[in-house]
Amino acid sequence: MIIHIIGAGPKSNSLQMIRQSGSKSTIIGVDNGAAYLMEEDIHPDAVFGDFDSLSKADLAEIKRKVPNVFIFPPEKDYTDLELALEWAISKQPEIIFIHCVTGKRLDHEYGSISLLVKYRKYSIPIYIIDDHNEMYVIGEGTHQIKKQDQFKYISFFSLGTDIENLTLKGFKYPLTNHHLELGSSLCVSNELDDSVGSISFSSGIALVIRSKD
């Protein structure tokens, strides 16, 4: 099962992925993300939020058409996206895609990226996607990366601590057992030379960002 979560940030063309996923997908709207889905005539399976930005008529329509509606007060200890992720992970999906959480408020964007770190403990691949980027987090070990025409550039950033023994194979700019310091920009805008490359490291957490212009 694939789960798509649609946030309340700027609307993204990545929503078209949902139509391509077909009936195997579970769809979650987060606050105004629920309205985005209704505009696209896509009916979510669940919605989360305080919905204070929606009209009473729009909220009433959502309640009529959506089987699982979770309404929370604005003052709470967790973001609506985190609550939606908790619910999504409880369904034990194969993969989770998060849309419409980048490109406007940096605090919300960074908070969304931080959730990738928190929930990597469940070993469910979670991706943040927008019109120009795909982001995910990986831990120690070896990971394969396939070349994509859609996202030419691949960047790696250390999160929380330095990355030890970073090795990149099949890339335009390879590395062998490199110590990547927290805050280093060394691994920005790399590219794959081979159809499949690999990244490996012995300790640390890496944010992977695949991008296009």
ask   = Hey, mind stepping through L37 and I18 against side-chain contact (heavy atoms from CB on, under 4.5 Å) and telling me if it holds?
value = CA-CA 10 Å; L37 290 167; I18 298 172; 4.1 Å; yes
In Å and rounded to the nearest 0.5 Å, what is the [atom1] to [atom2] distance from [X] to [Y]?
{"X": "D131", "Y": "L15", "atom1": "CG", "atom2": "CG", "answer": "9.0 Å"}
{"X": "L85", "Y": "I5", "atom1": "CG", "atom2": "CD1", "answer": "4.0 Å"}
{"X": "K11", "Y": "E40", "atom1": "NZ", "atom2": "CD", "answer": "4.0 Å"}
{"X": "K212", "Y": "E134", "atom1": "NZ", "atom2": "CD", "answer": "11.0 Å"}
{"X": "F48", "Y": "T79", "atom1": "CZ", "atom2": "OG1", "answer": "11.5 Å"}
{"X": "T26", "Y": "I3", "atom1": "OG1", "atom2": "CD1", "answer": "5.0 Å"}

Could you tell me which residues satisfy side chain to side chain donor-acceptor pair (under 3.5 Å) with [X], sequence neighbours excluded, listed by chain and number?
{"X": "D80", "answer": "K76"}
{"X": "D41", "answer": "none"}
{"X": "K169", "answer": "none"}
{"X": "D194", "answer": "none"}

message = Show me the pairs that pass ring pair (Phe, Tyr, Trp, His ring centres under 6.0 Å) and involve residues 147-171, at least two apart or across chains.
response = F156-F171
Compare all side-chain heavy atoms of [X] with those of [Y] and state whether any distance is below 4.5 angstrom.
{"X": "D31", "Y": "D50", "value": "yes"}
{"X": "V30", "Y": "C100", "value": "no"}
{"X": "T167", "Y": "L175", "value": "no"}
{"X": "I145", "Y": "R210", "value": "yes"}
{"X": "I98", "Y": "L115", "value": "no"}

Is there a path of hydrophobic side-chain contacts, each under 4.5 Å between heavy atoms of I, L, V, M, F, W or Y residues, that connects [X] with [Y]?
{"X": "L168", "Y": "I163", "value": "yes"}
{"X": "I138", "Y": "I205", "value": "no"}
{"X": "I2", "Y": "L116", "value": "no"}
{"X": "Y122", "Y": "Y78", "value": "yes"}
{"X": "I27", "Y": "L83", "value": "no"}

Residue list, side-chain contact (heavy atoms from CB on, under 4.5 Å) with S55, at least two apart or on another chain = A57, D58
request  = Could you name each residue pair satisfying side chain to side chain donor-acceptor pair (under 3.5 Å) that touches residues 140-152, not counting sequence neighbours?
outcome  = none
ask   = If you draw a 6.0 Å radius around NZ in K118, do more than 12 non-hydrogen atoms from other residues or ligands fall strictly inside?
value = yes
inquiry  = Is it true that, when you exclude K63 itself, more than 12 heavy atoms of the residues, nucleotides or ligands shown sit nearer than 6.0 Å to its NZ?
reply    = no
For a quick test of your reading: what N or O donor-acceptor pairs under 3.5 Å do the side chains of residues 195-203 make, sequence neighbours left out?
from: S202; atom 1: OG; to: E164; atom 2: O; distance (Å): 3.3
from: S202; atom 1: OG; to: N165; atom 2: ND2; distance (Å): 2.8

request  = Report yes or no: do H99 and S14 form a side-chain donor-acceptor pair below 3.5 Å?
outcome  = yes
note = The remaining residues in the hydrophobic cluster of V47, counting side-chain heavy-atom contacts under 4.5 Å among Ile, Leu, Val, Met, Phe, Trp and Tyr, are M38, F51, L54, L59, I62, V66, V69, I71
Output side-chain donor-acceptor pairs under 3.5 Å for residues 180-190, partner residues at least two apart or in another chain, one line each.
from: S184; atom 1: OG; to: L186; atom 2: N; distance (Å): 3.1
from: N190; atom 1: OD1; to: Y173; atom 2: N; distance (Å): 3.1
from: N190; atom 1: ND2; to: Y173; atom 2: O; distance (Å): 2.9

Only pairs under 3.5 Å count here: list side-chain donor-acceptor contacts from residues 123-130, not counting sequence neighbours, and write none if there are none.
from: D130; atom 1: OD1; to: H132; atom 2: N; distance (Å): 2.9
from: D130; atom 1: OD1; to: N133; atom 2: N; distance (Å): 2.7
from: D130; atom 1: OD1; to: N133; atom 2: ND2; distance (Å): 3.1
from: D130; atom 1: OD2; to: T102; atom 2: OG1; distance (Å): 2.6
from: D130; atom 1: OD2; to: N133; atom 2: ND2; distance (Å): 3.4

inquiry  = Minimum heavy-atom separation for P44 and P67, please, with both atom names.
reply    = O-CD, 3.7 Å
Would you be so kind as to tabulate the donor-acceptor pairs closer than 3.5 Å made by side chains of residues 86-94, with sequence neighbours excluded?
from: E86; atom 1: OE2; to: Y119; atom 2: OH; distance (Å): 2.6
from: S90; atom 1: OG; to: W87; atom 2: O; distance (Å): 2.5
from: E94; atom 1: OE2; to: M1; atom 2: N; distance (Å): 3.3

